[in-house]
Amino acid sequence: MSDYFLLDPDYQDFPLSQKLKFLTVYGEQHTFILFAVLAIIFGWLMVSSSIKWIPVELSYLRDSREALGIVNASCGSSNDRFTYKFTVIDNNGQKHQYTGSETASKEHPCPNIGSSFYIQYLADQPEASARRSISPLSKIGSWGLIILFSLGFVKIGVDAITAFIRAIPKFVRLQRATTILEGQVISAKEAGFTFQMRVKNGHYVEVEYEFVADNRTFKHKQVKRREDLRTNPLPQPGTPIRVLYADENTYVML
């Protein structure tokens, strides 16, 4: 069997001394199931918490007003919050003074008493909604990016769990399969790191291969962690391989 390239060297004497591994069928391009579940939970929580802020920012975009805030109490020794007062005029021309508070940040250090800056507020709740002026569109864009990023985690988890569920019946059929076919490498390359990879610093290779069964040509790709191929050459196109075959939808490269 030394003439064949084995994606998993453990299958050198398959099926004599090595049973089929579920991971071979599931694929190492998919993450651990526990991480997949956590990715879905984390991603969904982030999406849920982000979505609720978009209507708030839309209300600022439609209805916010501006006023000048004047700092009346700077940050204390034990916190980084400061307060300010601002005056607004209602629809009847009456003046009302309100108090707001902000947390100092790297971009906006704690101001001195008497300093001023523009704030925005909603007319129906001036004190509760007052905040330093910022473009609602930029806030909506920021929340949108967070949602997209979080959906990426959800997708990783869903893809992994879907692949896991689909691999179970294939694994059962392949355990009973006795047909080993010859095929050949189409291409082989180092697989770039993704969140799905099971070991962050592992060396993964992706092999695209083809074989013929029942007068049909099948092509597929598999990913495997191969630390020995960090320094050794990858198989060239045309290199013979072995494929465990059960049916047209159930096969795997050994």
Side-chain angles (χ1 to χ4, degrees), residues 29-76 78-92 94-111 115-166 193-198 200:
Q29 68 271 30
H30 301 295
T31 190
F32 294 100
I33 290 301
L34 177 59
F35 179 80
V37 173
L38 293 177
I40 291 176
I41 294 173
F42 170 79
W44 185 247
L45 289 176
M46 290 294 292
V47 169
S48 301
S49 62
S50 300
I51 285 178
K52 72 178 183 181
W53 288 108
I54 290 183
V56 175
E57 295 305 325
L58 287 174
S59 66
Y60 275 99
L61 185 63
R62 293 190 308 264
D63 306 320
S64 68
R65 301 178 182 180
E66 272 199 334
L68 188 67
I70 300 176
V71 177
N72 64 332
S74 190
C75 301
S78 60
N79 63 73
D80 54 0
R81 291 191 68 81
F82 61 92
T83 61
Y84 57 86
K85 293 182 177 181
F86 62 100
T87 302
V88 303
I89 300 176
D90 63 21
N91 294 332
N92 297 318
Q94 301 296 314
K95 290 184 177 181
H96 302 276
Q97 191 175 73
Y98 297 98
T99 300
S101 65
E102 291 276 344
T103 300
S105 64
K106 185 177 181 180
E107 293 77 16
H108 302 289
C110 192
S115 59
S116 62
F117 56 91
Y118 281 100
I119 60 102
Q120 58 187 172
Y121 64 95
L122 300 177
D124 60 342
Q125 46 179 344
E127 198 160 69
S129 63
R131 70 182 191 186
R132 186 185 292 270
S133 289
I134 184 173
S135 170
L137 285 176
S138 67
K139 292 281 285 186
I140 292 172
S142 298
W143 288 118
L145 289 175
I146 292 174
I147 290 173
L148 289 176
F149 180 78
S150 302
L151 287 175
F153 273 91
V154 174
K155 184 179 185 303
I156 288 173
V158 170
D159 288 348
I161 292 176
T162 301
F164 185 87
I165 293 173
R166 289 177 176 174
F193 173 75
T194 66
F195 281 114
Q196 293 96 318
M197 293 303 186
R198 302 169 72 81
K200 181 177 180 180

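- Across all non-hydrogen atoms, the minimal contact from Ile89 to Lys95 is CG1-CG, 4.0 Å.
- Within 6.0 Å of the CZ atom in Arg166, the count of heavy atoms belonging to other residues, nucleotides or ligands does not exceed 12.
- Put simply, the side chain of Ser129 gets close to the backbone of Leu122: a donor and an acceptor are under 3.5 Å apart.
- With rounding to the nearest 0.5 angstrom, the CZ atom of Phe35 is 9.5 Å from the CZ atom of Phe42.
- Using modelled atom types, one side-chain atom of Ser49 and one backbone atom of Met46 make a donor-acceptor pair closer than 3.5 Å.
- A donor-acceptor pair under 3.5 Å is absent between the side-chain atoms of Gln97 and the main chain of Thr87, judged by distance alone.
- Residues Ile147 and Val47 come closest through the heavy atom pair O-CG2, 4.0 Å.
- Atoms CG and CD, on Leu61 and Gln120 in that order, are 10.0 Å from each other to the nearest 0.5 Å.
- One finds the OG atom of Ser59 at 12.0 Å from the CD1 atom of Ile54 (value rounded to the nearest 0.5 Å).
- Tested against Ile70 for a side chain to side chain contact (heavy atoms under 4.5 Å, CB included), the candidates Pro111, Ser116, Ser115 yield a single pass: Ser116.
- Residues Cys110 and Ala104 come closest through the heavy atom pair N-CB, 3.5 Å.
- Considering all non-hydrogen atoms of both residues, Gly43 and Phe153 come closest at CA-CB, 4.2 Å.
- Looking at Glu102 and His108, their side chains never come closer than 4.5 Å, going by heavy atoms from C-beta outward.
- The minimum heavy-atom distance between Val158 and Ile40, with the atom names listed, is N-CD1, 3.7 Å.
- With rounding to the nearest 0.5 angstrom, the CD1 atom of Ile51 is 12.0 Å from the CD1 atom of Ile146.
- The distance from atom CG of Asp124 to atom CG of Asp63, rounded to the nearest 0.5 Å, is 7.5 Å.
- Between the OH atom of Tyr121 and the CZ atom of Phe86 there is a distance of 7.5 Å, given to the nearest 0.5 Å.
- Less than 6.0 angstrom separates the ring centroid of Tyr84 from the ring centroid of Phe117.
- A pairwise comparison of heavy atoms in Phe82 and Cys75 identifies CB-N, 4.0 Å as the closest pair.
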